[in-house]
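All ligand and atom numbering here is 1-based and tracks the order in the structure. For this chain, numbers begin at 1 and follow the sequence in order.
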Amino acid sequence: MSVPQKRKHIRTADFRHGAKLHKGANGSHYHPHKKPRYVDLSDDDLPQSRKKPEMNGTTSHHKMVNGHTLKNAKSKHERNGQASPSVNGISAGEGSTTKKPNSSANTQLQEQRRQLPIAKGMCREALVEEIKKNDVTVLLGETGSGKTTQVPQYLLESDIAGTGTIAVTQPRRVAATSLAARVSKEQATPLGTRVGYAVRFDEKYTLQTRIKYMTDGMIVRELMSDPLLLKYSVIVVDEAHERTLRTDLLLANLKTIQRKRNAAEDAKGKGKADKLNPLKIVVMSATLDAEKFSRFFHNAKIIYVKGRQHPVTIYHSAESQIDYVDAAMRTFFQIHIDQPPGDVLIFLPGQEDIESLQKSLSFFTTHLPTTNPSVLILPMYASQSPTSNAKVFDPTPPNTRKCILATNIAETSITIPGVKYVIDTGKCKEKQYLARDSGGGFDTLLTRDITKSSAMQRAGRAGREVRLSSPLIPFSLLIKHDTQRAKAENINLISHLPVYSALKTLWLLGAIDKDQKLTPLGRQMALFPVEPHLSRSILASSPTTSSSSSSSSVPPTSSQGCTKELLTITSVISSSSKLFLDISTSTSTSSSSSTASARIKFKHPSGDHLTILNTVRAYDDISSQGSKHERKEWCKKHCVNERALTEAKKIREQLVDVCRKLGLDPELSCGENEGPVLASLGYGLVGNSAFLQPDGSYKQTMGHSIIKIHPGSTMMNEKVPAIIYDELVYTNQIYARGVSAIGKNFFVKHPALSQRQA
Ligand SMILES: Nc1ncnc2c1ncn2[C@@H]1O[C@H](COP(=O)(O)OP(=O)(O)OP(=O)(O)O)[C@@H](O)[C@H]1O
């Protein structure tokens, strides 16, 4: 059989036909058939603290449900041998809806719900009771216990939410959309009616929607139009332990909002205030971070839901694996050949590793004997289009094993049907904003070891499916590294530096004044669902834009309108996929060099932004004249990602709507005159600018960093006096990406910068 050959540096996760997976003693070395290769870290071996939260030294109240404190708290009905009482016509633990499920699929779905740990015993009732009693509840539970899908339904069905909406926030869009789909299925209502979602550039809900899954970024945006979030009666902050800047901002705001709304309720009869509806907050976390959240909310009650859905056996490689991609591949084949059916989810740090593993797997799977099931490889990462990412949720075709190659976007909250095996490289690539006191921070994109809680979350992606007939033996394998350490979790709520840096940027853009209040310009900017620097650029492209702001940093807007061009450029930049495919990974039939030269046609001497504009204009020409096939061929020939263009088109339509609402003309064009386009971009990117230094490098105008132009930029070999850029990324040095040349005298006009240069 033709299989991957053993590489000399791989000794543990060796793949060899017929080799078996073993559980074994810690530190044991692998020898096929003789010595075990993996060490069992299954639940039984977990430190006690993971099994049961020890909350020593805290004044928080704890209540254990499902088998702990409430173990004996049987309801009167149960004690009398009666069925649990129904809430709104739904019996407890069942959670069915006003629409009576009649199909066998729905019956099975309801049975699956009943099997979840959170639905067992008196858990549901105890939970609802606690949430009813308390303004803030911190809910802790093992992955797969049913927190994210069931708690919002319990709240709805128990009437805690009244007539308001229940918001459930998620750090990632794929989780928000897939959870909404699942829960609307469980509610037996079409997606977007009773249960809906809202993520950037995509939403499905109506005013009647009662449970809304949304990204934390979306709810933070809503704060601008509805500062007290009055349409929500319960806000569930899920995966709070992930601690994104947006989650932290949300939690801080929720504390203030709740004080205002709930105080108003206490002071009934005092004018307008008594009309405010009270807010309940539920913070859900899978880790022992619960105490921090409890303290933050004045020692809020912590409730622990015990039990995971199916036990997951965890193995880890006995030896360090330097080449984790190779190790993951070997482990995959070992599972594929030796283990029973079940899909495999492999966690890798980033897109590059995913593409590399995809290539190797595609090659080797074609060499397997035809008696083996086929392998369907599905990549999943943030910069891939939502439609491509959604493919992982499709049912696995017959006689096929799905192999999903994912970054940490698949780590929390999602359930991929069919996944029985998880292979974890133990690495992630994190984009982290490094703020600087002086302003002008930058993103770092570094490969890091994952935290212990991430490893548990990843392992939790197996063992989630309820099979009512056959028991599962899901397992997760963690590939160990030399550097593998359980990273300390960040424990301080709200780190001030990024917030300070963000405020400084907003002030520089004229979005807030010196008292940190939104200016009229800032209000207009907030209506665009794009990053602030992009909305500022769009507004600068229209001579009619109001720039009446108290901030002295706001320069006049461009005198020649170019909104049409700015909408095109900003929608491409906001798209989740890259416009240009890497020539090396393209499937184009032409050689790399001819493809590169084909793309050079679009290159604009001013840089990447106008190169984007040229490319979209060329694509539009082809689209208006040619067939769908010709369009595709054109994209292939020029290594242009049509998916990015399709997504950008949708984004552009939304931006056009906002322009119309603001009375701006989205068709205002400067034709071939590039000056206004660069000037408008400059207003948005003023904080992202740098001047050429005598040694050929660039130095930030609003910071002290020396930066280089990213090799992927059309400006890479150019030396111009001043540049603006979309972002800085740090790999081995600081690179500017999305770069354009700009006249140095542009900065003379900008009050904030001219003061600095003076
Ligand atoms: N899209 C889906 N397809 C099939 N089953 C699903 C889906 N979403 C959820 N489930 C089922 O519901 C169970 C509970 O999922 P839920 O997301 O509520 O758990 P959780 O406790 O929030 O876990 P986590 O913290 O890992 O997200 C899953 O284990 C799975 O059995």
- prompt: Polar-atom distance check: P417 versus ligand 1, any N or O pair below 3.5 Å?
  reply: no
message: Looking at K420 and D343, is there a salt bridge between them, counting it only when a charged N and a carboxylate O are closer than 4.0 Å?
response: no
- prompt: Can you find an N/O atom of T149 closer than 3.5 Å to an N/O atom of ligand 1?
  reply: yes
- prompt: Does ligand 1 have any atom that is closer than 4.0 Å to a heavy atom of G141?
  reply: no
- prompt: Just going by heavy-atom distances, which of R182, Q112, E142, E186 is nearest to atom 11 (C) of ligand 1?
  reply: R182
field: salt_bridge(E411, R461) N-O dist < 4.0 Å
entry: no
field: SB check K133 E129 (cutoff 4.0 Å)
entry: no
message: Looking at E111 and R114, is there a salt bridge between them, counting it only when a charged N and a carboxylate O are closer than 4.0 Å?
response: yes
- prompt: Can you list the ligand 1 atoms lying under 4.0 Å from a non-hydrogen atom of E239?
  reply: 25 (O), 27 (O)
- prompt: Is there any N or O on S145 that sits under 3.5 Å from an N or O of ligand 1?
  reply: yes
message: Under 4.0 Å between a side-chain nitrogen and a carboxylate oxygen: does that hold for R172 and E239?
response: no
message: Cation-pi check for Y205 against K212: NZ or CZ below 6.0 Å from the six-membered ring centre and within 45 degrees of the axis, yes or no?
response: yes
query: So, does R461 sit close enough to ligand 1 that a heavy atom of it is under 4.0 Å from the ligand?
result: yes
- prompt: Any N or O of L116 that comes nearer than 3.5 Å to an N or O of ligand 1?
  reply: no
